[in-house]
Amino acid sequence: MQGASGIRIHIIMSNYELYQYKGCNFISNIYTIEHLEKVQSFEIRHSDVVAVTYPKSGTVWMQQILSLIFCDGDPAAIQSKSPIERVPWIEIPFLNFLSNPTPRLAVTHLPYHLIPEDLKKKNGKVIYVIRNPKDVVVSLYHFQNYLTILSTPSSFEDFLREFLEGKVIFSSWFDHIHEWYTHKDEFNILFITYEEMKQDLRTSVQKICDFLGKKLDDEKLDTVVKYCTFTNMKMNPVTKTGTIENKSASRAFFRKGIIGDWKNHFTVAQSEMFDGIFQERMKDIPLKFIWDSK
Ligand code: A3P
C-alpha cells in the first residue's frame, strides 16, 4: 500500500504508522521522508562523531559515554541536558544535529544506504555498537510493550517472527549489521559490542577514547565509568528519559541492562531456530562475537 509518506506497513496507533522508505521501516510523524532525504547530503566535519546502533543495542548508553568523554569526565557539564540533546539522532528532524557546536556528537539507527554520503568519505568517526540479537529482540519486545506509539505485541512468539522477518522499526537486524560491516572500509570505524562494555566498561571507555584520540587521566576515566553504569543512568533524572510517553508506570526504559536475558524468553526450539538463521545470515561476517548463544 503506497501512502503519502511511503509504503505503509501497518497502523501502530491512530496517529502513527510504520512506513517503508528505501527498504527501511520508520515511524510516521517522527521520521519524515523530507528529512531522511536531506540527511544523505548532510555535510560531515572531520571532528564529527557518529555512533551507529540497531535499536536496543545500547544507544542511550553510548550517548552518555560520548558526551562524558568529550567534557573530560565532568558530570556537571552534562547535567542540564538529556542524552538526546547532547548527542542527537541525525534522522530525527527537530533535534538539529547540524547546529550543535563542534565537535558534534550524534547517534543514528540508519542503515548504511541512508547515512550522509560525506561520512563514507572518512569524514568524521563512526562507532558501531553491536548487541547479541537475541537480547536485542527481547529488549525491543519489552520496548514495544512500554512505548505508547508502538503497537503492543500479541506474544513473544509472534514478535520474534516479525523481528526475523524485519517487520519492526529499522527493519532487519541482520541486514543492518551486514550492510554496515560490508562497507566498513569506507569509514573511520570502531566496532564495539554491548557485551564487552557490560563486562568491562572501563576498558571499553579506554578503547573508545583511544579511537577518538582523547586522553583522559585515570581519575577522569573513573568518573566517566561511574556516570555510565546501568544503576547510575537508571537513577539519574537527566538520563532516565522520563519524557518518553509510555504505557505503564511499572515499566521502564532502563529495564534490566544485562547480558543474556534472552534465556528467560526463548524456548529451546526458538533458540535453535534463531541460531540456524544467525549462522546462515552471518557466515561471511568475520566479527568475533563474545556472547554465549546457548
Ligand atoms: P534492556 O531492555 O535489555 O534492559 P537503546 O538505548 O539502544 O534503546 O538500548 C536500550 C537497552 O540498553 C536496554 O536494554 C537498556 O536497559 C540498556 N542500557 C541502557 N543503558 C545501559 C547501561 N548503562 N548499562 C547497560 N545497559 C544499558
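Because the structure is predicted, anything quoted here is derived from the model rather than measured. All ligand and atom numbering here is 1-based and tracks the order in the structure.
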Q: Taking NZ, NE, NH1 and NH2 as the nitrogens, is one of them in K120 or E117 under 4.0 Å from a carboxylate oxygen of the other?
A: yes
Q: Would you please name every residue forming a side chain to side chain donor-acceptor pair (under 3.5 Å) with K207, sequence neighbours left out?
A: E196
Q: Can you give the donor-acceptor pairs under 3.5 Å from side chains of residues 92-102 to other protein atoms, not counting sequence neighbours?
A:
| residue | atom | partner | partner atom | Å |
| --- | --- | --- | --- | --- |
| S99 | OG | N96 | O | 3.2 |
| T102 | OG1 | R45 | NH1 | 2.7 |

Q: If you count heavy atoms of other groups shown closer than 6.0 angstrom to CD of E157, is the number above 12?
A: no
Q: Is K184 close enough and on-axis enough to Y112, meaning under 6.0 Å and within 45°, for cation-pi?
A: no
Q: Give the residues near ligand 1 by chain and number, with the criterion being a heavy-atom distance under 4.0 Å.
A: K56, S57, G58, T59, V60, W61, R131, S139, Y194, C228, T229, F230, M233, F253, F254, R255, K256, G257
Q: Please enumerate all residues that pass side chain to side chain donor-acceptor pair (under 3.5 Å) together with D222, with sequence neighbours excluded.
A: R202
